[in-house]
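Shown next, in structure tokens, is the structure this report addresses.
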Amino acid sequence: MAVPKKRISKQRKRKRRTHYKASEATLGTCSGTGDPKLRHRVCPTSGAYRGRVIFEVAE
């Protein structure tokens, strides 16, 4: 089994991980209201997904 010969320093480890970043969320628009929403999710303002009403929104 492979075992590292020396301990990796915090600085070296952090330098390597500088490229691990969270990407910005991709937004789409609701076809009914035109409001921005997360893609592949139900619209929170209209309650619709792909043209079908999934749940009724209380106003």
Name every donor-acceptor pair, under 3.5 Å, that has one atom in a side chain of residues 5-20 and the other anywhere in the protein, sequence neighbours excluded.
{"unit_1": "Ser9", "atom_1": "OG", "unit_2": "Arg12", "atom_2": "N", "d": "3.2"}
{"unit_1": "Thr18", "atom_1": "OG1", "unit_2": "Lys15", "atom_2": "O", "d": "3.0"}

Under 3.5 Å, side-chain donor or acceptor atoms of residues 29-57 against the rest of the protein: list the pairs with distances, not counting sequence neighbours.
{"unit_1": "Thr33", "atom_1": "OG1", "unit_2": "Asp35", "atom_2": "N", "d": "3.4"}
{"unit_1": "Asp35", "atom_1": "OD2", "unit_2": "Thr45", "atom_2": "OG1", "d": "3.2"}
{"unit_1": "Lys37", "atom_1": "NZ", "unit_2": "Arg41", "atom_2": "O", "d": "3.1"}
{"unit_1": "Arg41", "atom_1": "NH1", "unit_2": "Arg39", "atom_2": "O", "d": "3.1"}
{"unit_1": "Ser46", "atom_1": "OG", "unit_2": "Ala48", "atom_2": "N", "d": "3.4"}

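Grouping Ile, Leu, Val, Met, Phe, Trp and Tyr by side-chain contacts under 4.5 Å, direct or through others, leaves Val3 on its own.
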